[in-house]
Amino acid sequence: MATCYRHTSRETGVSCSNCGNPICTDCMTPTPVGMRCPDCAGQKTKVRTARSMVVEPRVTYALVAMNVVAFFVQMFSAGSGRPRAGEIYEKGVLFGPYVDDGEWWRLVTSGFLHADPIHLLLNLVILFLLGQNLEPAMGHVKFAFLYGASLLAGSFGALLLSPEAATIGASGAVYGLMGAIVVHLRDRGIPLMQTFVGPLLLISVLWNFTREGISVGGHFGGLAGGALAALLMLYADRRRSTPLAIAACVAVAAVSVAGAIVAAGTTSLYG
């Protein structure tokens with residue numbers, strides 16, 4: 001039989017409902033949630049409300065800001081008002097032969113450049129919608145790694161299908177977030193078409209086959225990379241391992257970079 005934590009000579013079968021310490025009749029304080037010890041009796045029960053559980057999607061905000069700033073710098077660099085010109089565009093655009101020459105940074109920089117204001121606006125609106133739903137559920141760090149892995153997977157897809165096409169835009173990373181949120185919805189048993197994600201994904205997929213000048217490889221590469229990273233991260237989450245979840249994103253990113261370099265090399269095979 002346990003003894004009271006304050007009166008060690010008194011046996012008791014009652015424990016504090018808050019801290020679990022065994023307490024005798026002299027130390028019991030009745031509360032709506034059970035008996036409490038003197039130390040916990042004066043404490044208020046912490047209640048987690050929907051407001052207190054809200055997590056600000058700070059990484060999403062930062063990514064939106066980075067894309068906006070990059071676009072204005074891109075426009076300023078162009079001078080002529082044409083985004084597809086100027087030093088920033090020339091140094092940052094994704095183009096297979098340049099990547100094959102060792103300019104691997106283009107796999108990342110191309111994801112922060114855009115063809116025009118409409119292109120930028122569409123990507124950032126979808127990024128904001130997905131980010132404010134996905135980031136609070138995943139956490140800031142894991143969301144950031146997911147975005148990075150999706151961006152690189154999109155670059156891999158773009159080079160795989162069109163290595164000699166000049167590609168820019170955050171679409172690959174945004175499609176990766178769509179793939180990830182689909183995985184999360186299915187894991188929770190939520191019907192896809194009962195959320196905004198289902199119609200958005202359907203429209204986005206159809207968009208690829210109704211307009212010219214769209215990087216189909218970049219979009220579907222990002223979609224596949226984001227979904228794969230999310231699946232691996234869920235596996236890690238079930239084992240309560242954040243490092244394993246981050247490692248999963250790093251692995252997807254590493255494979256994407258390696259694949260992109262190989263795909264870019266095909267541009268010189270018959271040159």
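Heavy atoms only: backbone and side chains are in, while hydrogens, waters and symmetry mates are out. Predicted model only: the values in this text are computed from it and were never measured.
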- Query: Among the clusters formed by ILVMFWY side chains lying less than 4.5 Å apart, do Leu129 and Met178 turn up in the same one?
  - Reply: yes
- Query: Under the 4.5 Å side-chain heavy-atom rule for ILVMFWY, direct or indirect, which residues accompany Ile168?
  - Reply: Val69, Val73, Ile88, Tyr89, Val93, Leu113
- If every non-hydrogen atom of Gly176 is compared with every non-hydrogen atom of Ser150, which pair is closest and at what distance? CA-OG, 3.4 Å
- Query: Are Leu127 and Val197 grouped together when hydrophobic residues (ILVMFWY) are joined by side-chain heavy atoms under 4.5 angstrom apart?
  - Reply: yes
- Task: Decide yes or no for Tyr147 and Thr60: does some side-chain heavy atom of the first lie under 4.5 Å from some side-chain heavy atom of the second?
- Result: no
- Note on the structure: Partner of Cys37 under side chain to side chain contact (heavy atoms under 4.5 Å, CB included), picked from Thr29, Val14, Ile23, is Ile23
- Task: Check for a donor-acceptor pair, side chain of Trp105 on one end and backbone N or O of Lys91 on the other, with a separation under 3.5 Å.
- Result: yes
- Message: Counting only heavy atoms not in Phe196 (residues, nucleotides, ligands), do more than 12 fall under 6.0 Å from its CZ?
- Response: yes
- Decide yes or no for Phe220 and Leu161: does some side-chain heavy atom of the first lie under 4.5 Å from some side-chain heavy atom of the second? no
- Task: Determine which pairs satisfy salt bridge (charged side-chain N to carboxylate O under 4.0 Å, His left out) with at least one residue from residues 103-116, sequence neighbours left out, and list them in order.
- Result: Glu103-Arg106
- CG of Asn67 to CG of Leu121: how many Å apart, nearest 0.5 Å? 12.0 Å
- Which other residues belong to the hydrophobic cluster containing Phe145, where Ile, Leu, Val, Met, Phe, Trp and Tyr are joined when side-chain heavy atoms lie under 4.5 Å apart, directly or via other members? Val141, Ile246, Val250
- Query: Within the distance-only criterion (no hydrogens, no angle test), does the side chain of Ser162 pair as donor or acceptor with the backbone N or O of Ala165 below 3.5 angstrom?
  - Reply: no
- For Tyr235, does the OH atom sit with more than 12 other heavy atoms under 6.0 Å from it, leaving out its own atoms? no
- Hey, does Pro136 have a side-chain heavy atom less than 4.5 Å from the side chain of Phe143? no
- Query: If you group Ile, Leu, Val, Met, Phe, Trp and Tyr by side-chain heavy-atom gaps below 4.5 Å, do Ile181 and Ile190 land in one group?
  - Reply: yes
- Can you find a heavy atom in the side chain of Tyr5 that is under 4.5 Å from one in the side chain of Asp39? yes
- How many angstroms lie between CD1 in Ile261 and OG in Ser155, if you round to the nearest 0.5 Å? 11.5 Å
- Query: Can you tell if the side chain of Leu146 reaches within under 4.5 Å of the side chain of Leu134, non-hydrogen atoms only?
  - Reply: yes
- Query: If you count the non-hydrogen atoms of other residues, nucleotides and ligands that lie under 6.0 Å from CD in Glu87, is the total more than 12?
  - Reply: no
- Just jot down the salt bridge (Lys or Arg N to Asp or Glu O under 4.0 Å) partners of Arg10, sequence neighbours excluded, or say none. Asp26
- Message: Starting from Leu200, can I reach Phe209 by hopping between I/L/V/M/F/W/Y residues whose side chains sit under 4.5 Å apart?
- Response: yes
- Task: Enter the distance from His114:NE2 to Phe71:CZ here, rounded to the nearest 0.5 Å.
- Result: 8.5 Å
- 4.5 Å side-chain heavy-atom contact, Glu56 and Tyr61: yes
- What's in the same ILVMFWY side-chain cluster as Tyr98, cut-off under 4.5 Å, chained through other members? Phe95
- Are side-chain heavy atoms of Val182 and Leu223 found at a separation under 4.5 Å? no
- Message: Between Glu11 and Pro22, is there a side-chain heavy-atom distance shorter than 4.5 Å?
- Response: no
- Query: How long is the gap from SG on Cys27 to CG on Asn21, to the nearest 0.5 Å?
  - Reply: 10.0 Å
- Task: Name all pairs fulfilling the salt bridge (charged side-chain N to carboxylate O under 4.0 Å, His left out) condition that reach into residues 214-239, sequence neighbours left out, sorted by first residue then second.
- Result: Lys142-Asp237, Asp187-Arg238
- Is it true that Val174 and Phe156 fall in one hydrophobic cluster, defined by side-chain heavy atoms closer than 4.5 Å? no
